[in-house]
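Worksheet for the structure shown next.
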Amino acid sequence: PGARHRVFGFIYYFWYPPKRFQGGGLAVYDWHLDTRTRAYTCTNLLPNYNELLVIPANCWHEVLPVKTSESEQDDFESARFTLNGWISLAPDGPVPAE
């Protein structure tokens, strides 16, 4: 129910340099403006180290696979990390405690 107040989504990307993985970007799907429906085409965003991406909350998107070498799959320092969340408008009145 709280999702209807979301205005923007954000994803902060970081990892241990040097970068030891491939992929892990964000596919942001295009829209048909005349019908306001999601298209099957998308723009792939490959964030840089220490970068914040902000997208409209109603954007269809997906995280692309992260690939590491076989020898580094269990290596913590080879991972890609993210923090994500939403920027929301408060509904009229006080925001209920969760």
Side-chain angles (χ1 to χ4, degrees):
R4 70 180 178 269
H5 299 291
R6 293 178 184 166
V7 179
F8 295 104
F10 63 86
I11 308 105
Y12 172 67
Y13 291 84
F14 60 103
W15 53 82
Y16 289 101
K19 183 177 172 182
R20 291 171 251 182
F21 62 88
Q22 295 177 337
L26 190 71
V28 179
Y29 287 90
D30 300 320
W31 284 86
H32 296 294
L33 295 178
D34 54 342
T35 60
R36 303 179 101 181
T37 58
R38 179 175 64 106
Y40 289 99
T41 57
C42 65
T43 301
N44 291 331
L45 303 173
L46 191 56
N48 294 311
Y49 171 73
N50 204 26
E51 186 168 56
L52 177 72
L53 293 180
V54 179
I55 60 173
N58 64 349
C59 262
W60 285 87
H61 62 281
E62 69 177 308
V63 176
L64 300 172
V66 176
K67 300 173 189 166
T68 58
S69 69
E70 183 96 12
S71 64
E72 295 181 316
Q73 285 184 352
D74 295 326
D75 183 14
F76 184 77
E77 291 183 355
S78 297
R80 191 239 21 206
F81 301 97
T82 63
L83 295 173
N84 68 290
W86 299 273
I87 298 170
S88 301
L89 293 176
D92 293 340
V95 177
E98 294 185 320

Worksheet item: Any chain of hydrophobic side-chain contacts (each under 4.5 Å) joining Phe21 to Leu46?
Response: no

Worksheet item: For the atom pair SG (Cys42) and CD (Glu62), what is the distance rounded to the nearest 0.5 Å?
Response: 7.0 Å

Worksheet item: Looking at Gly24 and Val66, what are the two nearest heavy atoms and their distance?
Response: CA-CG2, 3.5 Å

Discussion item. With a 4.5 Å cut-off on side-chain heavy atoms, are Asp30 and Trp60 touching?
Written reply: no

Discussion item. Counting only heavy atoms not in Gln22 (residues, nucleotides, ligands), do more than 12 fall under 6.0 Å from its CD?
Written reply: no

Worksheet item: So, Tyr16 versus Tyr49, ring centres under 6.0 angstrom or not?
Response: no

Discussion item. Looking at every heavy atom in both Pro47 and Gly25, which two are closest together, and how far apart are they?
Written reply: CD-CA, 3.9 Å

Worksheet item: With a 4.5 Å heavy-atom cut-off, do Trp15 and Arg20 have their side chains touching?
Response: no

Fill in: Nearest atoms (heavy-atom pairs only) where Cys59 meets Val28
SG-CG1, 4.1 Å

Worksheet item: Between Leu26 and Ile11, is any pair of side-chain heavy atoms under 4.5 Å apart?
Response: yes

Worksheet item: Quick one: does Phe10's side chain get under 4.5 Å of Leu53's, heavy atoms only?
Response: no

Worksheet item: Who are the side chain to side chain donor-acceptor pair (under 3.5 Å) partners of Asn50, not counting sequence neighbours?
Response: Tyr12

Worksheet item: Going by heavy atoms in the side chains, are Phe14 and Leu83 under 4.5 Å from each other?
Response: yes

Practice prompt. Flag this pair as yes if the NZ/CZ of Arg6 is under 6.0 angstrom from the six-membered ring centre of Trp86 and inside a 45 degree cone about the axis; otherwise no.
Written response: yes

Discussion item. Just verifying a value: how many Å separate Leu45 CG and Glu51 CD, rounded to the nearest 0.5 Å?
Written reply: 8.5 Å

Worksheet entry | Within-4.5 Å side-chain heavy-atom neighbours: Lys19 and Asn48 | no

